[in-house]
Amino acid sequence: MVQPAPRPLTGAPPAARAAGGLRSLYDLGPTDLARLAAEAGEPPYRARQLARQLDRRKTADPGAMTDLPGRFRAFLGERLAGAGLRPERHQVGDDGWTHKFLFGLEGGDSVESVLMFYPPGGAPGDWDGGRQGRATLCISTQAGCAMGCTFCATGQFGFTRNLSTGEVVEQVARVWALLEELRPAPAAPGHLTNVVFMGMGEPFANPGATWGAAWRLHDGFGLSARAITISTVGLVPGIRRAAREPLPVNLAVSVHAATDDLRDRMVPLNHTWPIAELVAAVREYVAATRRRVSFEYALIRGLNDGADQADSLGRLLAPLRVPGSGGHAAHVNLIPYNPTPGLGLQTPSRSAVHRFRDTVASHGLPVSVRANRGVGIDAACGQLRTVAGRPGRGAGLLLGTRAGEEVAR
Ligand code: SAH
Ligand code: SF4
């Protein structure tokens with residue numbers, strides 16, 4: 001694995017706080033853009049040009065919008081100074097197939113986004129052939145996360161603030177604009193094919209920005225709804241809203257355990273929305289949308305990787321069916337745990353993962369195993385944790401060990 005030193009990203013960093021507290025140019029809608037053009041004494045079509053720069057060309061810095069007249073660019077630069085993400089760091093892993101970006105936010109916090117390229121034939125080391133021919137960006141919706149899942153680095157570092165819609169969208173714009181340059185091989189896609197809301201934060205705890213961003217990515221950036229996936233830890237009101245939302249994005253539910261006693265220990269939200277209520281909400285979602293749902297399961301050695309949990313998971317999810325077709329509505333996505341230093345949790349052996357997969361599959365459910373991408377640059381699932389703060393409870397509690405101890409099997 002090649003890991004060149006982090007290098008700064010190009011792009012003018014906004015220096016000061018934006019006038020009016022604007023966090024991102026992507027927080028501006030058509031009416032705001034029209035007002036800006038009018039204020040600058042420009043004809044109305046300049047607002048449409050500006051929208052094209054933002055959404056079609058993914059240009060987040062006014063100074064780089066070269067088809068706008070210099071005086072308008074200068075006006076925008078001055079008027080919007082301080083708004084926007086500050087590209088602070090870029091790390092490369094998996095021989096150039098994985099990239100992690102650190103973006104500074106107004107107020108001093110920061111968030112991370114992870115770009116994963118998948119070649120047409122599957123990436124080396126990918127289980128199950130990988131997701132072929134894709135460029136997937138994993139984006140954050142919050143600085144930190146208030147859900148406090150005991151195995152998750154982001155959750156252990158606490159919550160700072162919600163991102164605005166524009167701050168969510170701007171992660172996509174800034175990475176998209178670099179994609180041609182970052183392609184690790186000619187076979188890798190030169191544009192983003194997928195966006196997943198699986199970075200820092202719980203998307204449904206920030207529903208306005210999450211749905212606002214999903215719509216903008218669809219309407220403005222031209223991504224199809226099926227190329228967008230929102231992952232939730234199981235906020236039932238959020239799942240209900242997803243069932244009503246007319247944008248047919250993919251839904252992923254982080255389940256991680258098939259029994260309440262275990263899930264209570266891993267996902268504190270389970271005390272509020274236990275498994276039966278979560279599954280009932282998903283059943284309603286499937287009935288309303290006729291779409292399949294992906295269930296994420298981070299497999300942790302000695303904690304939730306046993307045959308009993310695999311069997312219970314199969315029994316829990318196999319009855320979920322798509323009305324009409326009768327096919328399985330649940331797809332299980334196993335994520336071999338990415339160890340977080342200090343939490344004392346480990347990834348299961350490859351054979352344990354296969355055993356778990358086979359037991360779930362014996363219930364007729366489709367199951368896949370997600371490749372561990374970006375591990376060497378701490379960019380794998382659940383490893384994002386840039387927010388200043390202090391670690392919370394140690395997950396060693398889960399296994400009856402002290403944080404940092406080896407877990408014996
Ligand atoms: N808050 C949302 C989305 C972000 S987390 C959610 O929880 O669904 C994205 C996925 O990574 C979730 O399924 C999460 O449980 C999982 N995850 C967290 N920490 C992990 C780790 N260390 N190893 C593997 N997966 C992890
Ligand atoms: Fe938040 Fe998701 Fe991590 Fe839980 S797993 S703490 S919901 S980011």
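Everything quoted here is computed from the prediction, not taken from an experiment. Counting convention: from 1, in listed order, for ligands and their atoms alike. If you read the sequence from its start, that first residue is 1, and numbering goes on from there.
Asp261 and Arg265 are not joined by a salt bridge, as no carboxylate oxygen comes within less than 4.0 angstrom of a charged side-chain nitrogen. Using a cutoff of 4.0 Å between basic side-chain nitrogens and carboxylate oxygens, Arg174 and Asp61 are scored as salt-bridged. A salt bridge is absent between Arg355 and Asp305; no separation between the charged side-chain nitrogens and carboxylate oxygens falls under 4.0 Å.
Residue contacts with ligand 1 do not include Met147, since none of its heavy atoms lies under 4.0 Å from the ligand. Residue Ser254 places no heavy atom under 4.0 Å from ligand 2.
Listed by number with element, the atoms of ligand 2 under 4.0 Å from a non-hydrogen atom of Met147 are 1 (Fe), 7 (S). Of all the atoms in ligand 1, the ones that sit under 4.0 Å from a non-hydrogen atom of Asn338 are 21 (C), 22 (N), 23 (N), 24 (C). Near Ile335, the atoms of ligand 1 lying under 4.0 angstrom from a non-hydrogen atom of the residue are 24 (C), 25 (N). Against a heavy-atom cut-off of under 4.0 Å, Gly199 is close to the following atoms of ligand 1: 4 (C). Annotation for ligand 1: atoms under 4.0 Å from non-hydrogen atoms of Phe151 are 15 (O), 17 (N), 18 (C), 19 (N), 22 (N). The atoms of ligand 1 that sit less than 4.0 Å from any heavy atom of Thr232 are 6 (C), 8 (O). Applying the 4.0 Å criterion to heavy atoms of Val233 picks out, from ligand 1, the atoms 6 (C), 7 (O), 8 (O). Those atoms of ligand 2 with a heavy atom of Val233 less than 4.0 angstrom away are 7 (S).
For atom 4 (Fe) of ligand 2, the set of nearby N, O or S atoms under 2.8 Å includes none belonging to Cys152.
In this structure, atom 2 (Fe) of ligand 2 has no protein heavy-atom contact shorter than 4.0 Å.
Within the 4.0 Å heavy-atom criterion, neither part of Leu345 lies near ligand 1. With a heavy-atom cut-off of 4.0 Å, Cys145 touches ligand 2 through its side chain alone. If you look at Ala298 next to ligand 1, the close heavy atoms, those under 4.0 Å, all belong to the side chain. Contact annotation for Met200 and ligand 1: no heavy atom of the residue comes within less than 4.0 Å of the ligand.
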- Tell me, with the steps shown, if Arg52 and Gln49 meet side chain to side chain donor-acceptor pair (under 3.5 Å). CA-CA 5 Å; Arg52 243 191 336 270; Gln49 254 182 313; 5.6 Å; no
- Task: Could you go through the side chain to side chain contact (heavy atoms under 4.5 Å, CB included) check for Ile139 and Phe103 one step at a time?
- Result: CA-CA 11 Å; Ile139 55 173; Phe103 293 113; over 6 Å; no
- After noting the C-alpha distance and the side-chain angles of Tyr26 and Leu54, does the key distance pass the side chain to side chain contact (heavy atoms under 4.5 Å, CB included) rule? CA-CA 7 Å; Tyr26 289 92; Leu54 289 169; 3.7 Å; yes
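Across the listed options Met198, Glu296, His256, Arg370, His256 owns the non-hydrogen atom lying nearest to atom 14 (C) of ligand 1. Considering only non-hydrogen atoms, atom 1 (N) of ligand 1 lies nearest to Gly201 out of Cys145, Ala252, Ser254, Gly201.
Scanning the protein for heavy atoms near atom 4 (Fe) of ligand 2, the closest one is Cys149 SG, 2.3 Å. Here the heavy atom of the protein found nearest to atom 6 (S) of ligand 2 is Gly155 CA, 3.3 Å.
Aromatic ring pairs are classed by plane angle as parallel below 30°, tilted from 30° to 60° and perpendicular above 60°; the pair Trp176 and His191 is tilted. Between Phe356 and Tyr297, the two ring planes are tilted [angle within 30° to 60°]. A perpendicular orientation is assigned to the rings of Trp215 and His218, their planes being inclined by more than 60° (bins at 30° and 60°).
For the 3.5 Å distance criterion, the side chains of Gln309 and Thr259 qualify, holding a donor opposite an acceptor. Between the side chains of Thr141 and Glu202, no donor-acceptor pair of N or O atoms lies under 3.5 Å.
The environment of CZ in Arg321 is crowded: more than 12 heavy-atom neighbours from other residues, nucleotides or ligands sit within 6.0 Å.
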